[in-house]
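Just so you know, ligand 1 is whichever comes first in the structure, and atom 1 is the first atom listed for that ligand. Note that the structure is predicted; figures quoted are calculated from it, not measured.
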Amino acid sequence: MTQTASPRTRVLVLISGSGSNLQALIDAQQSGKLPVELVAVISNRPDAKGLQRAERAGIPTQVVDHTRFDGRDSFDRALQQAIDAYAPDLIVLAGFMRILTEHFTRQYQGRMLNIHPSLLPKYQGLNTHERALQAGDREHGVSVHFVTAELDGGPVALQARVPVLPDDDASRLAQRVLQQEHRIYPLAVKWFAQGRLRMVDGRVFMDSEPLEPSGYPIDIHATL
Ligand code: GRF
């Protein structure tokens with residue numbers, strides 16, 4: 001009897017900029033630690049550096065330039081069409097800087113992840129590092145969450161914490177957070193692909209256990 005390999009989870013990545021999180025996924029996939037297929041990278045900006053990272057890795061790329069549409073609805077419809085052509089199982093927002101319509105987010109509920117550089121629910125939106133510093137926080141970090149209609153408001157899958165050091169400025173702090181982003185995003189994608197991480201009725205489950213609002217309590221040293 002011949003054995004057929006189980007089909008790999010088809011992952012599509014949306015970017016707007018540098019794509020260092022995309023690179024972390026590519027590296028993990030290429031080293032064999034992330035058993036998924038990266039089916040395409042779509043950017044809303046033609047000049048996103050992440051597009052070159054995808055091309056170097058041989059991943060199909062596409063640009064859906066938001067400036068060519070007259071509103072969020074028409075942009076999101078075009079984006080949805082572009083995404084659906086690749087029939088992905090999971091959509092990964094990696095520095096994708098567009099607010100998505102409710103209709104769009106509903107299409108992909110439970111199979112769209114985002115990474116946000118704060119310990120959600122703190123500091124939804126922009127300038128998270130500056131805001132953490134201004135507030136005098138001793139601890140900052142990053143969250144991976146499922147995407148819902150509320151901007152940066154979907155339930156958290158996992159978080160990594162970093163200390164705020166006395167001489168930190170926003171860029172030093174951002175660097176430290178980014179290192180953690182590159183560690184936990186491939187983990188979250190792997191766990192989703194393995195069927196361990198799920199969102200059901202607005203709650204996140206890991207290995208069928210419901211998670212606390214702060215997500216899976218990840219070991220600070222855990223890697224893929
Ligand atoms: C990251 O800090 C991510 O958390 C935020 O945007 C930044 C994107 O960085 N959403 P990159 O494009 O992955 O380098």
Study note, to complete from the structure: Restricting to heavy atoms, the pick from Ser118, Gly19, Ser16 nearest atom 12 (O) of ligand 1 would be Gly19
Point to revise | Taking every non-hydrogen atom, the tightest pair across Pro117 and Val177 | key: CB-CG1, 4.1 Å
Review point. Under the side-chain contact (heavy atoms from CB on, under 4.5 Å) test, which residues partner Ala57, sequence neighbours left out?
Key: Ile26, Gln30, Ile59
Point to revise | Close N or O approach (Ile115, ligand 1; < 3.5 Å) | key: yes
Check your understanding: Can you check whether Ser18 has an N/O within less than 3.5 Å of an N/O in ligand 1?
Key -> yes
Quick one: nearest non-hydrogen protein atom to [atom], plus distance?
{"atom": "atom 5 (C) of ligand 1", "value": "Pro117 CD, 4.0 Å"}
{"atom": "atom 11 (P) of ligand 1", "value": "Ser20 N, 3.4 Å"}
{"atom": "atom 8 (C) of ligand 1", "value": "Gly95 CA, 3.6 Å"}
{"atom": "atom 9 (O) of ligand 1", "value": "Asn21 ND2, 4.0 Å"}
{"atom": "atom 3 (C) of ligand 1", "value": "Glu181 OE1, 3.2 Å"}

Practice item. Check the side chains of His145 and His116 for a donor-acceptor pair under 3.5 angstrom, ignoring hydrogens and angles. Key: no
Check your understanding: Between Gln80 and Asp76, does any side-chain donor sit less than 3.5 Å from a side-chain acceptor?
Key -> no
Point to revise | Charged N-O contact under 4.0 Å between Asp89 and Arg10 | key: no
Check your understanding: Mind checking whether Phe96 and Phe75 have parallel, tilted or perpendicular rings, split at 30° and 60°?
Key -> parallel
